[in-house]
Amino acid sequence: MKKSKIDREIVYSLLRQIPRGKVTTYKILANHLHTKAYRAIGQILKKNPHAPLVPCHRVVKSDGSIGGYSGEMTGRAITKKRYLLKAEGIFFSGNKVRDFKEVLFLFSSFLILFLG
DNA sequence: GGAAATATATGAT
DNA sequence: ATCATATATTTCC
């Protein structure tokens with residue numbers, strides 16, 4: 001196995017900080033990791049070593065559309081993702097999050113320094 | 001170690 | 001809004 005270039009721990013740590021009812025995006029995560037590997041974030045989540053400790057369902061695309069879940073871009077997994085978010089008070093109008101910017105969680109600089 | 005695959009982003013049309 | 005291209009990283013073999 002080749003060496004990991006992204007600090008997965010940080011990804012998971014960041015995700016754990018997201019409170020209920022908030023979401024983040026692959027882009028934001030990648031940015032905080034100082035990388036442009038947006039897609040890689042998804043693959044890391046797909047693997048999801050730390051199971052439900054990390055709320056992977058709170059990660060959506062940068063344009064507010066839902067993205068994927070459990071290795072699927074469409075299908076029952078996505079339905080479940082929408083359901084989970086709905087349970088947290090995040091609703092979807094069409095394929096995009098309603099009030100996207102409002103429910104977007106901003107990571108604090110302190111947190112970033114602490115993790116980095 | 002190399003090739004294929006990807007839960008994306010961005011720019012052009 | 002839609003299509004094509006770019007890019008970095010992961011995972012599988």
Side-chain angles (χ1 to χ4, degrees):
Chain A
M1 201 181 211
K2 283 187 181 172
K3 192 176 153 192
S4 302
K5 295 197 173 180
I6 290 186
D7 299 305
R8 305 132 81 86
E9 333 172 3
I10 297 188
V11 178
Y12 305 131
S13 299
L14 287 172
L15 282 185
R16 269 186 351 224
Q17 309 311 319
I18 305 178
R20 202 186 84 110
K22 295 277 184 175
V23 296
T24 189
T25 72
Y26 299 96
K27 181 180 183 180
I28 292 175
L29 290 174
N31 268 307
H32 283 299
L33 289 168
H34 304 100
T35 180
K36 297 182 187 70
Y38 316 107
R39 297 174 139 205
I41 305 292
Q43 296 207 82
I44 290 173
L45 294 186
K46 175 181 178 181
K47 269 306 199 175
N48 197 1
H50 297 273
L53 285 183
V54 196
C56 326
H57 63 276
R58 293 179 186 150
V59 187
V60 297
K61 287 221 229 172
S62 65
D63 65 343
S65 55
I66 192 163
Y69 190 65
S70 186
E72 297 180 27
M73 296 290 290
T74 173
R76 79 188 200 298
I78 300 305
T79 301
K80 182 168 186 177
K81 183 173 182 178
R82 277 197 344 210
Y83 177 79
L84 288 172
L85 290 173
K86 183 176 171 184
E88 298 189 351
I90 297 175
F91 296 88
F92 278 80
S93 60
N95 191 23
K96 296 190 179 180
V97 177
R98 192 192 304 172
D99 300 323
F100 182 47
K101 290 175 186 170
E102 303 303 321
V103 298
L104 195 54
F105 178 71
L106 285 328
F107 296 101
S108 73
S109 305
F110 280 138
L111 179 60
I112 304 301
L113 290 176
F114 182 69
L115 295 173

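All values below were derived from every heavy atom in this structure, side-chain atoms included, with hydrogens, water molecules and symmetry-related copies excluded. In what follows, chains are A, B, ... by sequence order, proteins preceding strands, each numbered from 1. Because the structure is a prediction, the values reported are computed rather than measured.
Counting atom types as modelled, A:Y69 pairs no side-chain N or O with a base atom of B:dA7 as donor and acceptor under 3.5 Å.
At whole-Å resolution of the value, NZ in A:K61 and C1' in B:dT6 are 11 Å apart. If you measure from atom CD1 of A:I44 to atom C1' of B:dA5, you get 15 Å, rounded to the nearest angstrom. Nucleotide B:dA5 holds its P atom 16 Å from the CE atom of A:M73, rounded to whole Å. Separating the OH atom of A:Y26 from the C1' atom of C:dT10 is a distance of 15 Å, rounded to the nearest angstrom. When the C1' atom of C:dT9 is taken as reference, atom CD1 of A:I41 falls 9 Å away, rounded to whole Å. When rounded to the nearest whole Å, the span between NE2 of A:H32 and P of B:dT8 equals 19 Å. The NZ atom of A:K5 sits 12 Å away from the P atom of B:dG1 (whole-angstrom rounding).
Of the possible polar contacts, none joining the A:R82 side chain to the A:F92 backbone as a donor-acceptor pair under 3.5 Å is found. For the pair A:K27 (side chain) and A:Y38 (backbone), a donor-acceptor distance under 3.5 Å is absent.
Base-pair partner of B:dA7: not found among the strands shown (Watson-Crick or G-U wobble, both distances under 3.5 Å).
Contact annotation: A:R82 side-chain N/O to B:dA7 OP1/OP2 distance is not under 4.0 Å. Here A:K27 reaches the OP1 or OP2 of B:dT10: one of its side-chain N or O atoms lies under 4.0 Å away. Contact annotation: A:K46 reaches the phosphate of B:dA7 (side-chain N/O to OP1 or OP2, under 4.0 Å). Regarding contacts with the backbone of C:dC12, a side-chain N or O of A:K47 is found under 4.0 angstrom from either OP1 or OP2.
Linking ILVMFWY side-chain heavy atoms closer than 4.5 Å, directly or via other members, places A:L113 and A:L29 in two distinct hydrophobic clusters. Hydrophobic clustering (ILVMFWY, side-chain heavy atoms < 4.5 Å, transitive): A:F91 and A:V103 are in distinct clusters. By the rule that hydrophobic residues join a cluster once side-chain heavy atoms approach within less than 4.5 Å of another member, A:M73 and A:V23 end up as members of separate clusters.
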Whether each nucleotide of nucleotides 2-8 of chain C has a protein heavy atom under 4.0 Å at its base (B), only at its sugar-phosphate (S) or at neither (-) is summarised, 5' to 3', as ----B-B

Would A:L111 and A:L14 count as a side-chain contact (heavy atoms from CB on, under 4.5 Å) if you check the C-alpha gap in whole Å, the side-chain angles of each, and the deciding distance to 0.1 Å?
CA-CA 8 Å; A:L111 179 60; A:L14 287 172; 4.1 Å; yes

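When distances are taken from the side chain of A:S4 to each of B:dA9, C:dT10, B:dA7, the shortest belongs to C:dT10.
Within the nucleic acid shown, A:T25 has no heavy atom closer than 4.0 Å to any nucleic acid atom.
For the pairing with A:H32, the ring-ring contact (aromatic ring centres under 6.0 Å, His included) check across A:F105, A:F107, A:Y26 returns one residue only, A:F107.
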